[in-house]
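Keep in mind that the numbers below use all heavy atoms, side chains included, and drop hydrogens, waters and symmetry copies. Just so we're on the same page: letters track the sequence lines, and every chain starts at 1.
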Number of protein chains: 2
Amino acid sequence: MTDIETTPLFRKLSAFVSLSEAEVTVLKELRQRRRTFTAGRDLIHQGQSDQDIYLLDSGWVCSYKILPDGLRQIVDFQIPGDFLGLRSALLQTSDHSVEPITDIEVSEVFVADLLGAFARTPRLATAVLWAASRDEAMVVEHLVNIGRRDADVRTAHFLLELGARLALVGLGSKEGFACPLTQYHLGDVLGLSAVHVNRVLRRLREGGMLTVHKGQVTFDNYDRLIAFAEFDPTYLDQERPFLK
Amino acid sequence: MTDIETTPLFRKLSAFVSLSEAEVTVLKELRQRRRTFTAGRDLIHQGQSDQDIYLLDSGWVCSYKILPDGLRQIVDFQIPGDFLGLRSALLQTSDHSVEPITDIEVSEVFVADLLGAFARTPRLATAVLWAASRDEAMVVEHLVNIGRRDADVRTAHFLLELGARLALVGLGSKEGFACPLTQYHLGDVLGLSAVHVNRVLRRLREGGMLTVHKGQVTFDNYDRLIAFAEFDPTYLDQERPFLK
DNA sequence: ATGATGGATTGATCGAAAGCAGTCTCTGCT
DNA sequence: AGCAGAGACTGCTTTCGATCAATCCATCAT
């Protein structure tokens, strides 16, 4: 069995709460029913109700909405350590679809089990709730990003944020990260055409700031990039004193 | 004392749950400490923590973020019956600012009182939680709106959504609604310049779809507008069978 | 080797929205 | 009455990003 302390969720939550022995055990028990899904086949459909919660163990997933004319807007990507359908299950609404970008491994979590775990370990509940609120803050940040930043800054900001999220679960650093997204995915999340994404990436590369090549995002000059993107590197990983 | 049954919050929640005598009483007790604020002065500042929750009784408010270069993105407007700072208080983060657009009247609600009310009346808790999730769904819808719809459709969609929300609390109908927003406000929420908003509104007016004049939004042809904006009129007010 | 496919890349053109500048019309003020 | 200011409106020019159309380059299947 995998050592729990290397799992993405554990790493993520540990950044905000130091988990006790008992809490680790509870976390472990949640991850029993493992399942795998293949890339491209929708996991959750827009309008579906009463679905399960999944904890993403490996691979990448995206949540999106489709417009009548076929245009797609990706709301967010989920990476290892993220929950899928948490909010939808708690609130019984699924207003968007969820599609695996790569083959993924998930742990199926029953709502009742999760609520039981929360009841036994309030600190765990707080930490998970915090993670959920962080996800929401990110959606708001994407709104600002798309509404008010130009394509270059917007793209840089998004990739930095993604890097920060990945770093939190041990899958990235200031150097860069492995990234399975195509330029079409980037277009759909940034509200740009894939062609334009290509030009933007070229400009960022020629500006010596970042390189995207062969499924690898490399931050060529992290500090310059931060400044260019107006990115606040603390906004995702600051400590929460009240939780410590 | 105001008759509770005419208050916006009561009307909104009643659309989803039929509240019992006891629940109405609890609701009434929450609305004790009335306060007023004047237009323009920020209620909540970005970064602030540990603030109160307010229930908006009358007037309009907007939540926004400011970028370093001074550009502003309004995340959403709040109208009578909406909570202010609910999420921030529960989750101890305030990542945006809140500013009254008009003079407003609010009821200050202490977190402890609200939680107490939830404990005594679970159905009320569910209803409020539902309202919160609806707010979140709206933010996602705005993301799609800004990311993938052109200015005209985007504007029409937004005004229809606003109309639907207002109708829910008795402040609007298929005919239109009173609206204190300037074209600058509309620009900031739609990710457009105020000048362009003006042109968009002219096109919509000349298309016989809607008129904005003197603080009044009039839907000149509701059905045509719905079709043009690809607006789903049920998405905010559909019944929740599990709550009835 | 030979295609077939999906993604990346580049060029050329077009259109939507921004930016700038100025006018107009209220409303409130003294 | 006269003025000041905010918001609404319009014309002109520029810029950003979309769209259309190729080409290129891996990987994979046969």
Outermost DNA chain C nucleotides near chain A [under 4.0 Å, heavy atoms]: dG7(C) to dA12(C)
- prompt: Going by distance alone, is a donor N or O of one side chain under 3.5 Å from an acceptor N or O of the other, for Glu105(B) and Thr36(B)?
  reply: no
End-to-end axis angle, where each axis spans five pairs of the helix from dA1(C)-dT30(D) to dT30(C)-dA1(D), to 10°: 30°
message: In this structure, how many angstroms lie between the P atom of dA18(D) and the CZ atom of Arg149(B), rounded?
response: 17 Å
- request: Round to a whole Å and report the spacing from CG of Asp150(B) to P of dT19(D).
  value: 11 Å
- request: Indicate whether any N or O donor in one side chain lies under 3.5 Å from an N or O acceptor in the other, for Gln78(A) and Ser63(A).
  value: yes
query: Do Arg148(B) and Asp188(A) meet the salt-bridge criterion of a basic N to acidic O distance under 4.0 Å?
result: yes
message: In this structure, how many angstroms lie between the C1' atom of dC16(D) and the CG atom of Asp152(A), rounded?
response: 10 Å
task: Assign Leu192(A) to base, sugar-phosphate, or nothing according to its heavy-atom contacts below 4.0 angstrom with the strands shown.
output: sugar-phosphate
- prompt: With a 4.0 Å cut-off on heavy atoms, is Gly215(B) in touch with a base, just the backbone sugar-phosphate, or nothing at all?
  reply: nothing
- request: Between Ala194(A) and Val195(B), name the one whose nearest nucleotide on DNA chain C is closer to the 5' end.
  value: Ala194(A)
- prompt: Any chance the side chains of Asp42(B) and Tyr64(B) put a donor and an acceptor closer than 3.5 Å?
  reply: yes
- prompt: Among side-chain atoms of Asp103(A) and Thr38(A), is any donor-acceptor pair under 3.5 angstrom?
  reply: no
message: Any base atoms under 4.0 Å from Ser193(A), or only sugar-phosphate, or nothing? Heavy atoms, all strands.
response: base
message: If you count every heavy atom of other residues, nucleotides or ligands that lies below 6.0 Å from Phe228(B) atom CZ, does the total exceed 12?
response: yes
task: Answer yes or no: is there an ion pair linking Asp220(B) with Arg205(B), defined by an N-O contact shorter than 4.0 Å?
output: no
task: Apply the salt bridge (charged side-chain N to carboxylate O under 4.0 Å, His left out) test between Glu141(A) and each candidate in Arg165(A), Arg149(A), Arg134(A), Arg154(A); give the one that qualifies.
output: Arg149(A)
message: Tell me the interatomic distance from Leu186(B), atom CG, to dC9(D), atom P, rounded to whole angstroms.
response: 11 Å
task: Calculate the interatomic distance between Arg199(B) atom CZ and dC12(D) atom P; express it in whole Å.
output: 11 Å
task: Could you state the atom-to-atom distance from CG of Asp69(A) to C1' of dT19(D) in whole Å?
output: 15 Å
field: Upstream residue (5' side of DNA chain D) when Leu71(A) and Lys214(A) are each assigned their closest nucleotide
entry: Leu71(A)
field: Residues His185(B) and Thr182(B): side-chain donor-acceptor under 3.5 angstrom
entry: yes
field: Arg202(B) CZ - dG11(D) P separation (whole Å)
entry: 6 Å
task: Take atom CG of Leu201(B) and atom C1' of dG7(D), then tell me their distance rounded to the nearest Å.
output: 13 Å
